[in-house]
*Asks:* 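Okay, handing you the structure first.
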Amino acid sequence: MTFDDGLAEHYRVVWPILRQYQAPAAFFPIGLPLAEKRMPLTHKLHILLSETPILDLIQQVRRFFGGRVHIDSERLINPKRRFDDVLTSNLKETLIALTVDERSRLIEGLFGQSHSSEQERELVKEFFMSAEELGELKANGMDIGSHTYGHLALDTLSRSEQLEEITRGREALCNALGCHPDMFVYPHGRYNANTLGIVKGLDFKL
């Protein structure tokens with residue numbers, strides 16, 4: 001079993017069950033919450049979606065881009081996003097196709113309207129495992145792998161940007177746990193030939 005992102009519920013809910021049944025698992029935390037106590041863009045979007053009606057959020061996105069961004073309300077863009085309604089699915093798929101700068105300016109801007117830096121740090125404590133909690137998992141035989149630094153879709157980045165995302169993610173884990181992870185999971189399940197070359201060159205085994 002594998003669990004991505006290093007979410008707090010994996011420690012609070014999943015870990016006691018694994019311990020009870022002596023079941024092995026692998027966890028793949030994101031580097032940014034560990035290193036900087038900041039929320040990745042993906043999770044900030046999830047919070048915005050939980051606080052704002054989807055139609056209102058889409059209107060804010062359209063205003064931000066001056067109507068340049070269109071979000072289809074009828075046809076599912078990516079059939080793999082089958083666990084969301086059409087609007088939510090297509091909003092996520094549309095935003096992930098933007099440049100990192102565009103996506104960051106949009107999500108950080110919307111998130112910053114209703115959340116202070118201190119509130120963001122508190123949300124990190126609520127949503128993500130601490131280094132101590134990850135250390136407990138590792139000490140009890142769970143595998144800890146890398147999941148990049150900021151959970152960006154790697155196939156939307158240049159090779160140099162991908163390399164930075166992947167190496168910084170592994171460094172954050174090394175600094176937090178004193179280990180050198182040799183397993184890697186692609187955020188959003190997305191990658192390209194550059195990604196494969198990078199993870200091979202960095203000696204990830206799995």
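All values below come from the heavy atoms of this structure, side chains included, with hydrogens, waters and symmetry mates left out.
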*Asks:* Apply side chain to side chain contact (heavy atoms under 4.5 Å, CB included) to the pair Leu196 and Tyr186, showing each step before the final yes or no.
*Replies:* CA-CA 10 Å; Leu196 298 178; Tyr186 311 105; 3.3 Å; yes
*Asks:* Can you list everything that forms a salt bridge (Lys or Arg N to Asp or Glu O under 4.0 Å) with Asp5? Sequence neighbours excluded, please.
*Replies:*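 None.
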*Asks:* Out of curiosity, does Leu45 fall in the hydrophobic cluster containing Ile96 (side-chain heavy atoms, cut-off under 4.5 Å, transitive links)?
*Replies:*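 No, it is not one cluster - the side chains of Ile96 and Leu45 are not joined through contacts under 4.5 Å.
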*Asks:* Let me see the working for Leu57 and Leu110 under side chain to side chain contact (heavy atoms under 4.5 Å, CB included), right down to the final yes or no.
*Replies:* CA-CA 9 Å; Leu57 189 55; Leu110 294 177; 3.9 Å; yes
*Asks:* Between Thr2 and Val185, is any pair of side-chain heavy atoms under 4.5 Å apart?
*Replies:* no
*Asks:* Check whether any side-chain heavy atom of Met1 sits under 4.5 Å from a side-chain heavy atom of Val14, and report yes or no.
*Replies:* no
*Asks:* Among all residues two or more places apart in sequence or in another chain, which pass the salt bridge (Lys or Arg N to Asp or Glu O under 4.0 Å) test with Arg159?
*Replies:*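 If we apply the salt bridge (Lys or Arg N to Asp or Glu O under 4.0 Å) test to Arg159, skipping adjacent residues, there are no hits.
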*Asks:* Do Met183 and Leu177 sit in the same hydrophobic cluster, where Ile, Leu, Val, Met, Phe, Trp and Tyr count as joined when their side-chain heavy atoms come under 4.5 Å apart?
*Replies:* no
*Asks:* Run the side-chain donor-acceptor check on residues 17-32: report pairs under 3.5 Å with partners two or more places apart or on a different chain.
*Replies:*
none

*Asks:* Do Glu132 and Tyr11 have side-chain N/O donor and acceptor atoms under 3.5 Å apart?
*Replies:*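 No, because no side-chain N or O of Glu132 sits under 3.5 Å from a partner of the opposite role on Tyr11.
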*Asks:* So, do Met39 and Phe128 sit near enough that their side-chain heavy atoms are less than 4.5 Å apart?
*Replies:*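 Yes, at least one pair of side-chain atoms sits under 4.5 Å.
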*Asks:* Are Glu9 and Phe3 close enough that some pair of their side-chain heavy atoms sits under 4.5 Å apart?
*Replies:* no
*Asks:* Show me the pairs that pass salt bridge (charged side-chain N to carboxylate O under 4.0 Å, His left out) and involve residues 47-60, at least two apart or across chains.
*Replies:* none
*Asks:* Side-chain heavy atoms nearer than 4.5 Å, only ILVMFWY residues, links allowed to pass through others: does that put Ile58 and Ile107 together?
*Replies:*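 Linked within one cluster.
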*Asks:* Once ring-ring contact (aromatic ring centres under 6.0 Å, His included) is applied, what residue pairs with a partner in residues 45-95 remain, sequence neighbours excluded?
*Replies:*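 As it turns out, the ring-ring contact (aromatic ring centres under 6.0 Å, His included) pairs with a partner in residues 45-95, which skip direct neighbours, are His43-His46.
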*Asks:* Does the side chain of Ser104 pick up a donor-acceptor pair with the side chain of Asp101 at under 3.5 Å?
*Replies:* no
*Asks:* Report yes if some heavy atom in the side chain of Leu154 is under 4.5 Å from a heavy atom in the side chain of Ile166; otherwise report no.
*Replies:* yes
*Asks:* Who are the ring-ring contact (aromatic ring centres under 6.0 Å, His included) partners of Phe127, not counting sequence neighbours?
*Replies:* none
*Asks:* Inspect the contact between Lys44 and Glu120 and indicate whether a charged nitrogen and a carboxylate oxygen are less than 4.0 angstrom apart.
*Replies:*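 Yes, charged N to carboxylate O under 4.0 Å.
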*Asks:* Would the number of heavy atoms belonging to other residues, nucleotides or ligands and lying under 6.0 Å from CZ of Phe204 be above 12?
*Replies:* yes
*Asks:* So do the side chains of Arg190 and Thr156 get within less than 4.5 Å of each other, counting heavy atoms only?
*Replies:*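 Yes, their side chains come closer than 4.5 Å.
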*Asks:* Counting only heavy atoms not in Leu206 (residues, nucleotides, ligands), do more than 12 fall under 6.0 Å from its CG?
*Replies:*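 12 or below, so no.
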*Asks:* Identify whether the distance between the nearest side-chain nitrogen and carboxylate oxygen of Glu93 and Arg75 falls below 4.0 Å.
*Replies:*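 Not counted as a salt bridge, because no side-chain N and carboxylate O are separated by less than 4.0 Å.
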*Asks:* Restricting to side chain to side chain donor-acceptor pair (under 3.5 Å), what partner residues turn up for Arg121, sequence neighbours left out?
*Replies:* Glu118
*Asks:* Any side-chain heavy-atom pair from Leu41 and Leu152 closer than 4.5 angstrom?
*Replies:*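 Touching, per the 4.5 Å side-chain cut-off.
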*Asks:* Please, which pairs that meet ring-ring contact (aromatic ring centres under 6.0 Å, His included) have at least one residue in residues 87-112, sequence neighbours excluded?
*Replies:*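 Residue pairs passing ring-ring contact (aromatic ring centres under 6.0 Å, His included), neighbours aside: Phe111-His115.
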*Asks:* Before giving the answer on side chain to side chain contact (heavy atoms under 4.5 Å, CB included), spell out for His151 and Asp4 the whole-Å C-alpha distance, their side-chain angles and the decisive distance to 0.1 Å.
*Replies:* CA-CA 10 Å; His151 202 270; Asp4 290 355; 5.8 Å; no
*Asks:* Just wondering, do Leu49 and Ile54 contact through their side chains at under 4.5 Å, heavy atoms?
*Replies:*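 The answer is yes, as the side chains (C-beta and beyond) meet within the 4.5 Å cut-off.
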*Asks:* Who pairs with Asn175 by side chain to side chain donor-acceptor pair (under 3.5 Å), at least two apart in sequence or on another chain?
*Replies:* none
*Asks:* Consider only side-chain heavy atoms of I, L, V, M, F, W and Y, link residues closer than 4.5 Å, and tell whether Tyr191 and Val199 are in one cluster.
*Replies:*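 Shared cluster, yes.
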*Asks:* In terms of side-chain geometry, is the basic nitrogen of Glu122 or Lys125 positioned less than 4.0 Å from the acidic oxygen of its partner?
*Replies:* yes
*Asks:* Can you name the salt bridge (Lys or Arg N to Asp or Glu O under 4.0 Å) partners of Lys138, sequence neighbours left out?
*Replies:* none
*Asks:* For side chain to side chain contact (heavy atoms under 4.5 Å, CB included), just list the numbers for Leu173 and Ile144, CA-CA rounded to whole Å, side-chain angles, deciding distance to a tenth of an Å, and then say yes or no.
*Replies:* CA-CA 9 Å; Leu173 280 184; Ile144 309 295; 4.3 Å; yes
*Asks:* Sequence neighbours left out, what passes side chain to side chain donor-acceptor pair (under 3.5 Å) with Glu102? Give chain and number order.
*Replies:*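 Counting only residues at least two positions away or on another chain, Glu102 forms a side chain to side chain donor-acceptor pair (under 3.5 Å) with Arg68, Thr99.
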*Asks:* Holding to side chain to side chain donor-acceptor pair (under 3.5 Å), I want the full list of residues that pass it with Gln60, two or more places apart in sequence or in another chain.
*Replies:* none
